[in-house]
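Below is one structure; the comments refer to it alone.
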Amino acid sequence: MDSDKGASVQFQDFLPVMARRLGVEGLMQELCKGFQLLMEPRAGKITFRSLKQNAARLGLGQLRDDELLEMMKEGDMDGDGALDQLEFCILMVRLSPELMEEEAHMMFQH
């Protein structure tokens, strides 16, 4: 794997596999578990500090601070500087173009 691509590519590649194996409900349960691993318990949200401290648990340990901050900004829809569970799940799905393409393809098949 190129060092330029970062860990998000690993997750992007893995998310569609998880979706196929677990189904939508199972995938959401796994994303919720990932959120629990990364969140700051007192805040109930993922903060930059909690993401940085726990990123290695999800294979994101090699990401630089600026990359982690960019990820936080991209997912922070309400502008509070943290990710709640819904924002985290949406971000993870958005970071997986293959999953989005599969979902769009399925929608237009029916």
To the nearest 0.5 Å, what is the distance between [atom1] ([X]) and [atom2] ([Y])?
X: Glu74; Y: Ile90; atom1: CD; atom2: CD1; value: 12.0 Å
X: Met28; Y: Gln85; atom1: CE; atom2: CD; value: 7.5 Å
X: Cys32; Y: Met39; atom1: SG; atom2: CE; value: 11.0 Å

Quiz item: Can you hop from Leu51 to Leu86 via hydrophobic side chains spaced under 4.5 Å?
Solution: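 Result: no, two separate clusters.
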Quiz item: Leu69, Met77: one ILVMFWY side-chain cluster at the under-4.5 Å cut-off?
Solution: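 Each belongs to a different hydrophobic cluster.
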Quiz prompt | Residues Lys33, Gln36; criterion side-chain contact (heavy atoms from CB on, under 4.5 Å); working and verdict | solution = CA-CA 5 Å; Lys33 288 178 189 176; Gln36 296 293 322; 5.6 Å; no
Quiz item: Within the side chain of Asp76, is there an N or O that forms a donor-acceptor pair under 3.5 Å with the backbone of Leu83?
Solution: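 Absent.
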Shortest non-hydrogen separation from [X] to [Y] and the atoms involved:
X: Thr47; Y: Glu40; value: OG1-OE1, 2.9 Å
X: Leu31; Y: Val93; value: CD1-CG2, 4.3 Å
X: Lys52; Y: Leu68; value: CA-CD1, 4.0 Å
X: Phe35; Y: Ile46; value: CD1-CD1, 3.5 Å
X: Phe88; Y: Leu38; value: CE1-CD1, 3.7 Å

Self-check item: SB check Glu87 Lys45 (cutoff 4.0 Å)
Solution: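 Looking at Lys45 together with Glu87, the answer is no, because their closest N to O distance does not fall below 4.0 Å.
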Quiz item: Going through the distances and angles, do Glu70 and Asp66 end up as a side-chain contact (heavy atoms from CB on, under 4.5 Å)?
Solution: CA-CA 6 Å; Glu70 188 60 34; Asp66 63 323; over 6 Å; no
Exercise. Using the test side chain to side chain contact (heavy atoms under 4.5 Å, CB included), find all partners of Gln29 that sit at least two apart in sequence or belong to another chain.
Key: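 In terms of side chain to side chain contact (heavy atoms under 4.5 Å, CB included), with neighbours along the sequence ignored, Gln29 is linked to Glu25.
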